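These notes concern the structure reproduced below.
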Protein chains: 2
Amino acid sequence: MAERISEAEFQVMEVLWRDSPLTAQDVAARLEATGWSLTTVKTLLSRLAAKGALATTEDGRRYLYAPAVDRAAIAAGESRRLVDRLFGGRPAPLVAHLAERGELSSADIAELEALIRELKQ
Amino acid sequence: MAERISEAEFQVMEVLWRDSPLTAQDVAARLEATGWSLTTVKTLLSRLAAKGALATTEDGRRYLYAPAVDRAAIAAGESRRLVDRLFGGRPAPLVAHLAERGELSSADIAELEALIRELKQ
DNA sequence: GCTTGACGACTACAGGCGTAATCGATACAT
DNA sequence: ATGTATCGATTACGCCTGTAGTCGTCAAGC
């Protein structure tokens with residue numbers, strides 16, 4: 001459990017979080033933009049299945065793949081790792097960093113503001 | 001430029017961001033908690049110097065190491081990567097995630113609130 | 001001067017990752 | 001029935017990473 005997922009693997013997961021179950025072909029088709037060959041995608045699918053991040057069900061001679069882990073759980077874990085590692089666990093400096101580089105649109109700021117208001121109660 | 005720094009390497013950088021220049025010995029001493037051998041630390045220092053993240057000045061027969069990259073720049077870059085990858089570039093969902101898991105203390109929330117207020121002008 | 005200890009350089013090596021080709025089996029079309 | 005396309009499994013391979021040992025050299029103490 002709690003197996004780490006690499007970046008390329010994560011992109012594969014994204015496809016399946018969006019729509020599943022899918023065959024290897026389908027997944028590869030949706031990853032056309034990456035330029036990866038079909039075999040590359042199959043390798044990633046196998047590795048993900050091996051580490052328990054994907055569930056497979058047989059469909060004749062092939063597999064249908066579906067996520068076995070929650071996207072939110074992965075995202076939360078990664079976020080926490082980063083915030084711990086870079087900012088001693090405090091999220092404000094992270095936001096400050098993003099802000100400093102002009103990475104925050106006013107929509108982002110409004111969104112954060114609303115979120116904060118909500119958190120305060 | 002823009003060479004990526006691995007996690008172990010990052011820990012070495014942390015030491016030098018806190019206090020520099022230092023000899024390999026000194027760095028290793030401050031990383032005692034990791035249990036790494038002296039040679040391991042030296043390897044990491046070499047790799048960091050090779051990728052331009054550290055500057056070295058000769059001090060007799062040995063080197064003094066000092067950061068050649070800004071901690072803030074690294075942190076900002078990593079933050080952006082994560083937010084892009086996991087949250088489509090929008091930081092609010094990240095904060096929401098941290099909040100959802102009870103990762104935010106009321107001090108954190110206050111800090112964020114102050115930051116937002118500042119950003120709004 | 002000779003030994004010894006410390007230094008950086010070089011070498012090592014297993015595991016993960018990105019990327020992919022090949023292989024053996026099977027389903028399907030003819 | 002036979003050829004062909006397709007599947008997953010297996011193998012490949014170079015790079016990065018974590019972790020560390022060895023080597024040649026030089027400085028310092030005796």
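This structure is a prediction, so every number in the text was calculated from the model and none was measured. The figures here come from the full heavy-atom set of this structure, side chains too, leaving out hydrogens, waters and symmetry mates.
Among pairs with a residue in residues 82-101 of chain A, those fulfilling ring pair (Phe, Tyr, Trp, His ring centres under 6.0 Å) read A:F87-A:H97, at least two apart in sequence or across chains.
Residues A:E9 and A:G60 each lie close to DNA chain C; by heavy-atom proximity, the contact nearer the 5' end of the strand is made by A:E9.
Atom CG in A:D26 sits roughly 11 Å away from atom P in D:dG8 (whole-Å rounding). A straight line from CG of B:L38 to P of D:dT22 spans 14 Å, rounded to a whole angstrom. Atom pair A:M13:CE and C:dC17:P shows a separation of 14 Å (rounding to whole Å applied). If you take CG of A:D59 and P of C:dT26, they are 17 Å apart, rounded to a whole angstrom. Atom pair A:E58:CD and D:dA9:C1' shows a separation of 13 Å (rounding to whole Å applied). Atom CD of A:Q11 is separated from atom C1' of C:dG18 by 11 Å (rounded to the nearest Å). For A:E7 and C:dT19, the CD to P distance is 11 Å, given to the nearest whole Å. Here the C1' atom of nucleotide D:dC15 and the CZ atom of B:R4 are 15 Å apart, to the nearest Å.
Salt bridge status for A:R47 with A:E9: absent, with no side-chain N to carboxylate O gap under 4.0 Å. A salt bridge links A:R4 to A:E78: one of the charged nitrogens lies within less than 4.0 Å of a carboxylate oxygen.
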- Item | From CA spacing to verdict: side chain to side chain donor-acceptor pair (under 3.5 Å), A:S37, A:T40 | CA-CA 5 Å; A:S37 80; A:T40 296; 3.2 Å; yes

- Message: Pair A:E7, B:R81 - check salt bridge (charged side-chain N to carboxylate O under 4.0 Å, His left out), show working.
- Response: CA-CA 11 Å; A:E7 290 201 26; B:R81 282 177 63 81; 2.6 Å; yes

Between protein and nucleotides 19-21 of chain D, what N or O pairs are separated by less than 3.5 Å?
unit_1, atom_1, unit_2, atom_2, d
D:dT19, OP2, B:W36, NE1, 2.7
D:dT19, O4, B:R47, NH2, 3.0
D:dA20, OP2, B:S37, N, 3.2
D:dA20, OP2, B:T40, OG1, 3.2
D:dA20, N7, B:T43, OG1, 3.2
D:dA20, N6, B:T43, OG1, 2.7

Protein-nucleotides 3-6 of chain D N/O pairs under 3.5 Å:
unit_1, atom_1, unit_2, atom_2, d
D:dT6, O2, A:R61, NH1, 3.4
D:dT6, O2, A:R61, NH2, 2.5

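Looking at residues two or more places apart in sequence or on another chain, you find a salt bridge (Lys or Arg N to Asp or Glu O under 4.0 Å) between B:D59 and B:R62. Residues that satisfy the side-chain hydrogen bond (donor to acceptor under 3.5 Å, both in side chains) test with B:T34, not counting sequence neighbours, are absent from this structure. Scanning for salt bridge (Lys or Arg N to Asp or Glu O under 4.0 Å) contacts around A:E113 gives B:K120, with sequence neighbours left out.
Within the 3.5 Å criterion, the main-chain N or O of A:A24 finds no donor-acceptor partner in the side chain of A:K42.
When each of D:dC7, C:dG8, C:dC17 is scored by its nearest atom to the side-chain atoms of A:R62, the top-ranked nucleotide is D:dC7.
Taking side-chain N and O atoms only, B:S46 has no distance below 4.0 Å to OP1 or OP2 of C:dG8. Considering only side-chain N and O atoms, A:Y65 lies nowhere under 4.0 angstrom from the phosphate OP1 or OP2 of D:dC7. Under 4.0 angstrom from either OP1 or OP2 of C:dG15 there lies no side-chain N or O belonging to A:K51.
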